[in-house]
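Note that ligands are numbered from 1 as they come in the structure, with each ligand's atoms numbered from 1 the same way. As a basis for the values below, the full set of heavy atoms in this structure was taken, side chains included, without hydrogen atoms, waters or symmetry mates.
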Amino acid sequence: MDDVTLEGLLEEDRLFAPSTEFVSNALVVDGTFAADADFESFWAAQATELLDWDVDFHTVLEWKHPFAKWFLGGKLNVSYNCLDRHVISGHGDQVAFHWEGEPGDSRVISYTEMLAEVCRTANSLKSLGVEKGDRVAIYMGMVPELAVAMLACARIGAVHSVVFGGFTADSLRARINDAEAKVLITGDGAWRRGGIVELKAIADDAMSGTPAIEKCLVLRRTGHDGVAMIDGRDVWWHDLVPSQSDECVPESMDAEDLLFLLYTSGTTGSPKGIMHTTGGYLTQVAFTHKYVFDLHPETDVFWCTADCGWVTGHSYIVYGPLANRATSVMYEGTPDFPDKDRFWQIIEKYKVTTLYTAPTAIRTFMKWGSEYPAGHDLSSLRLLGSVGEPINPEAWVWYFENIGGSRCPVVDTWWQTETGAIMVSPLPGKTVAKPGSATFPLPGIGADIVGDDGEPVGIPGGGYLVLTHPWPSMLRGVWGDPQRYIDTYWSRFDKKYFAGDGAKRDGEGYFWLLGRVDDIMLVAGHNISTTEVESALVSHPAVAEAAVVGKTHETTGQAIAAFVTLRSGYEASQELVAELRAHVAEQIGPIAKPQSVLFTDDLPKTRSGKIMRRLLRNVAEDESLGDTTTLADPNVVAGIKALYAADATDDDA
Ligand code: WT7
């Protein structure tokens with residue numbers, strides 16, 4: 001965005017206040033948190049109230065820009081805070097996880113059982129030679145032992161690096177090597193839509209080039225034949241873990257000791273090992289999980305549908321919910337296996353009260369049609385959450401009406417792997433929501449929007465989202481590359497954290513996230529947000545999902561190319577192309593009218609569900625596709641490329 005400000009064209013004036021019923025029982029209502037003039041004392045109070053410390057901290061924050069240390073002098077153990085203290089306070093029988101396996105098997109795991117299994121696993125890791133500070137890579141499907149393995153590392157002060165179970169051997173190898181992990185924990189296989197992903201075989205391929213790996217612990221899940229075990233290196237979980245003691249003294253960790261690494265690919269370059277530490281991370285995930293999701297631990301059943309391979313799973317399946325003694329659902333499979341109503345069936349079965357999922361899933365449910373949720377009793381739900389991408393206002397309203405029965409507040413939560421925890425979000429008993437807006441920074445968080453010069457753009461205004469002061473769960477760096485930490489996040493603007501997202505604030509100060517800055521389009525001198533044009537398209541009744549990109553145009557610099565998937569019951573036609581173009585012009589203005597509209601069955605997405613616009617740009621510019629290894633399904637973009645070449649309905653009218 002060279003010296004032009006993001007326009008912020010799309011308007012939204014629908015308001016959704018929480019119901020009086022929700023407010024009457026909410027943890028946070030208007031006035032609960034005092035205006036946070038002093039963010040350090042605010043977070044100090046949260047750290048003290050929400051966590052059990054072995055030794056109290058003496059200093060809240062040491063800020064040697066851009067390196068932060070929180071809660072100095074404090075000592076605590078994360079697994080103790082997530083498990084032991086709940087058992088000690090008499091809640092050992094409470095369910096920690098209702099686990100639902102893909103083939104329909106299930107397990108109920110109490111806090112007492114979780115603690116015992118974590119201790120046995122922690123002792124197992126010790127017996128494999130893992131010591132405090134060592135890195136342990138975890139490459140598993142969504143089974144309870146994945147959470148157990150993470151907590152077992154935390155218990156003995158080892159640093160985990162969870163690698164998403166859908167990644168290839170090359171990706172796994174690169175992450176193991178960057179972290180120099182000593183032990184890999186994996187499974188024989190993982191279930192995926194009725195088939196088996198052979199995790200151990202992939203892990204073996206990866207370990208063919210990982211000099212630091214000494215041992216590999218293997219959980220039997222799929223039980224298929226032919227799993228090769230290498231003598232001296234590989235150990236079956238069931239041969240080692242059950243025979244260990246179920247007591248393991250938790251290692252008292254410094255607040256700033258490393259808790260985990262999590263690799264994030266970003267848009268360019270090799271994956272970065274994002275570093276998260278102990279005290280600040282746990283404080284902010286506990287705080288946000290409690291207040292953003294209005295947690296009532298005695299009655300709520302919380303379900304975050306993410307995979308533990310992403311930060312959302314770390315913070316809102318494992319650490320936040322367990323620190324707060326929540327009862328959660330953990331699900332192994334996909335939303336469409338065996339059928340497209342699996343999520344709704346699970347919500348009905350476990351009487352889920354709080355659902356946290358992603359816009360990509362919501363738009364997929366819209367595409368499939370409302371009959372799937374309508375066939376189930378979803379009346380247990382009382383709160384809905386969204387994360388991962390901007391949620392288009394129409395998808396927000398669909399979620400609110402069809403899943404939440406028009407009674408559940410929706411919290412649209414903006415954050416990143418790097419922020420560790422939620423940063424910008426409604427507080428559901430207090431905030432009047434606008435569909436598509438993440439609303440306001442949470443208490444204790446400083447966020448603003450600046451222009452190219454780094455100066456705040458004011459209200460209303462559009463530009464870049466920045467964070468203006470440190471927060472407890474902020475990344476502490478990029479593993480092995482301090483310079484990259486400085487360059488990526490702290491160099492674009494003086495003394496402000498650059499998040500990489502475009503954003504605007506409307507006349508009432510609401511924050512609107514407008515997509516990654518690399519995706520923003522420049523049409524005839526106007527910076528136009530991909531999110532806004534996509535939201536305008538999605539607001540048409542025929543459209544389920546849309547992705548737009550800028551492509552070179554001789555007069556306007558860039559023109560907008562749109563890729564659209566239709567809701568079930570609608571057919572692609574030239575008339576619909578014209579209608580959609582007119583619809584966008586009407587919603588946003590003629591400047592944002594797509595030059596071309598291509599109908600497709602699917603959009604290229606990363607394995608975490610984000611639309612990869614770079615590849616669509618390659619398609620629109622007729623360039624080669626380059627690296628497609630981060631895609632969930634590389635066939636999708638190949639198909640779109642062929643369609644696009646055959647179609648070419650560009651129309652400058
Ligand atoms: C990027 C971070 C946060 C955990 C999962 C993703 C986008 C995330 C929202 C939201 C608009 C959002 C941003 C952000 N994003 N949540 N509610 N509204 N955009 O973590 O993979 O590190 O991605 O996801 O672009 O920078 P991540």
Side-chain angles (χ1 to χ4, degrees), residues 6 162 164 167 261-267 271-276 281 284-285 288-289 292 304-320 356-363 384-393 395-396 399 410-426 431 433-442 447 449 464-467 471 473-475 478 488-489 492 497-504 510-520 529-532 534-535 605-614 630 632:
L6 188 58
V162 181
F164 172 58
F167 275 133
L261 297 177
L262 184 59
Y263 285 81
T264 176
S265 45
T267 40
K272 301 184 278 287
I274 300 299
M275 297 160 65
H276 282 292
Y281 172 79
Q284 197 174 328
V285 295
T288 50
H289 178 257
V292 172
C304 166
T305 69
D307 191 286
C308 285
W310 315 120
V311 74
T312 310
H314 283 60
S315 301
Y316 300 106
I317 294 177
V318 181
Y319 293 119
Y356 191 29
T357 194
T360 178
I362 296 164
R363 292 184 304 248
L384 303 174
S386 172
V387 62
E389 282 183 295
I391 179 164
N392 316 104
W396 192 105
Y399 192 33
V410 175
V411 289
D412 172 11
T413 63
W414 178 89
W415 58 296
Q416 311 177 297
T417 305
E418 293 87 340
T419 69
I422 298 170
M423 303 292 283
V424 182
S425 168
T431 312
K434 294 185 185 181
S437 166
T439 72
F440 305 103
L442 290 176
I449 295 168
Y464 307 90
L465 182 71
V466 294
L467 301 169
W471 61 101
S473 63
M474 67 186 273
L475 75 163
V478 174
T488 311
Y489 307 105
R492 179 84 187 238
Y497 173 92
F498 171 57
D501 285 327
K504 71 172 179 186
Y510 281 70
F511 282 71
W512 296 80
L513 277 301
L514 300 177
R516 301 294 296 170
V517 293
D518 318 298
D519 289 334
I520 283 162
S529 131
T530 50
T531 301
E532 291 193 300
E534 289 162 7
S535 291
K605 296 197 181 148
T606 62
R607 285 160 210 268
S608 60
K610 292 184 206 285
I611 298 172
M612 262 188 99
R613 294 177 190 74
R614 174 182 69 77
T630 54

Can you see which heavy atom on Tyr319 is nearest to which on Val285, and at what distance? CB-CG2, 4.1 Å
Numbered in order shown, the ligand 1 atoms found under 4.0 Å of a heavy atom of Pro390 are 11 (C), 18 (N), 19 (N)
Can you pull out the closest protein heavy atom to atom 1 (C) of ligand 1? Residue, atom name and distance to 0.1 Å, please. Lys610 NZ, 3.6 Å
Nearest protein heavy-atom contact for atom 14 (C) of ligand 1: which residue, which atom, what distance? Asp501 OD2, 3.2 Å
Is a side-chain N or O of Tyr399 found less than 3.5 angstrom from the main chain of Gly385, in a donor-acceptor match? yes
Please confirm whether Gly388 comes under 4.0 Å of ligand 1, counting heavy atoms of the residue only. yes
Tell me, which protein residue and heavy-atom name are nearest atom 3 (C) of ligand 1, and how many Å apart are they? Trp415 O, 3.1 Å
Just jot down the ligand 1 atoms closer than 4.0 angstrom to any heavy atom of Val311, in number order. 4 (C)
Atom pair CH2 (Trp415) and OH (Tyr316), whose distance is rounded to the nearest 0.5 Å: 5.0 Å
Identified side-chain hydrogen bond (donor to acceptor under 3.5 Å, both in side chains) counterpart of Asn392 within the set Glu534, Arg363, Glu532: Arg363
Pi-cation contact, Tyr464 with Arg492 (under 6.0 Å, within 45°): yes
Nearest 0.5 Å, please: how far is OH in Tyr356 from OG1 in Thr413? 2.5 Å
Under 4.0 Å from any heavy atom of Thr417, which atoms of ligand 1 are there? 20 (O), 21 (O), 22 (O), 27 (P)
Just say parallel, tilted or perpendicular for the rings of Tyr510 and Phe440, cut-offs at 30° and 60°. tilted
Please determine if Thr413 has a nitrogen or oxygen closer than 3.5 Å to a nitrogen or oxygen of ligand 1. yes
Would you say Trp310 touches ligand 1, if touching means a heavy atom closer than 4.0 Å? no
Tell me the protein heavy atom at minimum distance from atom 4 (C) of ligand 1, and give that distance in Å. Thr312 OG1, 3.2 Å
Evaluate the ring planes of His276 and Tyr281, with Trp represented by its six-membered ring, and classify them as parallel (under 30°), tilted (30 to 60°) or perpendicular (over 60°). tilted
Any N or O of Ser386 closer than 3.5 Å to N or O of ligand 1: no
If you measure from each non-hydrogen atom of Glu389 to ligand 1, which part falls under 4.0 Å: side chain, backbone, both or neither? backbone
Could you walk me through whether Thr488 and Lys272 pass the side-chain hydrogen bond (donor to acceptor under 3.5 Å, both in side chains) test, one step at a time? CA-CA 10 Å; Thr488 311; Lys272 301 184 278 287; 5.1 Å; no
Does any N or O atom in Ala499 lie less than 3.5 angstrom from one in ligand 1, N or O only? no
Tell me whether Gln416 has any N or O atom under 3.5 angstrom from an N or O of ligand 1. yes
